[in-house]
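Along the sequence shown, residues carry numbers from 1. These numbers were taken from a predicted model, which means no experiment stands behind them.
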Amino acid sequence: GHITAETLMSILRDKDSGICVDAEGFRTAGSMVSVLPRDPALPCVHFFTATPDPSRSVFKPFVFVAGIKPVPQVRSPTFPQDPAKQIPRFQSSVDRRHELYRRHQAALELMEQDQERGQKLLETLQELEKQGLEGMKELL
């Protein structure tokens, strides 16, 4: 029938099927759903979690246009003395997690340690996702 962005997000969050994984030392690294309109005059809308475990993440909408500037919260930090660029390479390590990823990890800890507050946070995130989906429908 009719597969929507919400349908695909639900599939990507399905742990019982094994699509969404957060156990045995492996975790779903991130998920993406794209809405590609048949009308070439309309923009494509891409929803990314940009964080692991889509069952506890929010899909955020992105529309790519010319001249777009990256959001600093989803860019990995850079380092003047980057171990990847020094010779010999990788003699030390640095924290390359972007701000959104670090905040997502803090949210996961809250969800695991305080289920009531964690559930409230998850509901807030799901409401933000719903607003993004509604905005996409208005745009298209």
Side-chain angles (χ1 to χ4, degrees):
H2 299 278
I3 296 176
T4 65
E6 294 92 335
T7 304
L8 292 171
M9 290 173 189
S10 174
I11 291 169
L12 290 170
R13 288 181 166 131
D14 186 17
K15 290 189 180 221
D16 292 337
S17 70
I19 290 174
C20 180
V21 181
D22 72 346
E24 301 172 19
F26 180 80
R27 178 175 285 162
T28 299
S31 295
M32 173 183 154
V33 171
S34 294
V35 177
L36 311 173
R38 293 182 190 267
D39 182 346
L42 295 173
C44 297
V45 181
H46 308 278
F47 291 85
F48 297 94
T49 58
T51 51
D53 193 354
S55 72
R56 299 187 287 181
S57 297
V58 59
F59 283 86
K60 296 158 282 301
F62 290 83
V63 176
F64 296 99
V65 295
I68 193 167
K69 292 185 172 64
V71 178
Q73 292 83 357
V74 295
R75 293 188 70 181
S76 293
T78 57
F79 303 93
Q81 302 297 321
D82 192 331
K85 297 178 182 174
Q86 294 182 352
I87 298 179
R89 296 179 69 199
F90 301 110
Q91 297 301 302
S92 61
S93 62
V94 291
D95 186 357
R96 297 187 187 279
R97 297 174 301 161
H98 55 70
E99 181 181 346
L100 178 61
Y101 187 93
R102 288 193 314 269
R103 289 179 183 246
H104 175 74
Q105 286 185 308
L108 290 180
E109 287 176 21
L110 175 69
M111 289 177 193
E112 290 169 359
Q113 294 171 1
D114 185 338
Q115 288 192 350
E116 186 176 322
R117 287 180 59 211
Q119 183 60 35
K120 185 172 180 164
L121 175 60
L122 185 58
E123 289 169 6
T124 299
L125 291 173
Q126 290 170 340
E127 179 57 34
L128 289 171
E129 179 179 281
K130 183 178 171 186
Q131 290 174 23
L133 287 160
E134 290 169 1
M136 177 215 41
K137 289 173 185 170
E138 289 174 20
L139 177 68
L140 300 180

Response to the item:
One should read off an interatomic distance between S55 OG and D14 CG, to the nearest 0.5 angstrom, of 10.0 Å
Response to the item:
Rounding to 0.5 Å, atoms CD (Q113) and CG (L108) come to a distance of 11.0 Å
Fill in: R13 (side chain) donor-acceptor with S57 (main chain) under 3.5 angstrom
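At least one qualifying donor-acceptor pair exists.
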Practice prompt. Before accepting this row, confirm whether a basic side-chain N of the pair D114/K120 lies closer than 4.0 Å to the acidic partner's carboxylate O.
Written response: no
[atom1] of [X]: more than 12 outside heavy atoms within 6.0 angstrom?
X    : atom1 : result
Q115 : CD    : no
R103 : CZ    : no
R97  : CZ    : yes
E123 : CD    : yes

Heavy-atom closest pair, residues [X] and [Y]:
X    : Y   : value
P37  : C44 : CD-CA, 3.9 Å
A41  : D39 : N-OD1, 2.8 Å
L139 : P43 : CD2-CG, 3.8 Å
A84  : R96 : CB-NH2, 3.7 Å
F79  : D95 : CZ-O, 3.3 Å
M32  : S34 : CE-OG, 2.9 Å

When you compare the side chain of [Y] with that of [X], does any pair of heavy atoms fall below 4.5 Å?
X    : Y    : result
L121 : R117 : no
H46  : L36  : yes
C20  : I11  : no
Q91  : Q86  : no
D53  : K15  : yes
K130 : E134 : yes
E99  : R102 : yes
Q131 : L128 : yes

Worksheet item: Do we see a donor-acceptor contact under 3.5 Å between the side chains of T4 and T7?
Response: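 T4 vs T7: donor-acceptor pair found between side chains.
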Fill in: Same apolar cluster (I L V M F W Y, side chains within < 4.5 Å links), L8/V45
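Linked within one cluster.
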Worksheet item: Given the rule that I, L, V, M, F, W and Y join up when any side-chain heavy atoms are under 4.5 Å apart, are L122 and F48 in one cluster?
Response: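 No: no chain of side-chain contacts under 4.5 Å links L122 to F48.
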Distance-only donor-acceptor pairs under 3.5 Å for side chains of residues 58-74, two or more places apart:
unit_1: K60; atom_1: NZ; unit_2: T49; atom_2: O; d: 2.4
unit_1: K60; atom_1: NZ; unit_2: V58; atom_2: O; d: 2.7

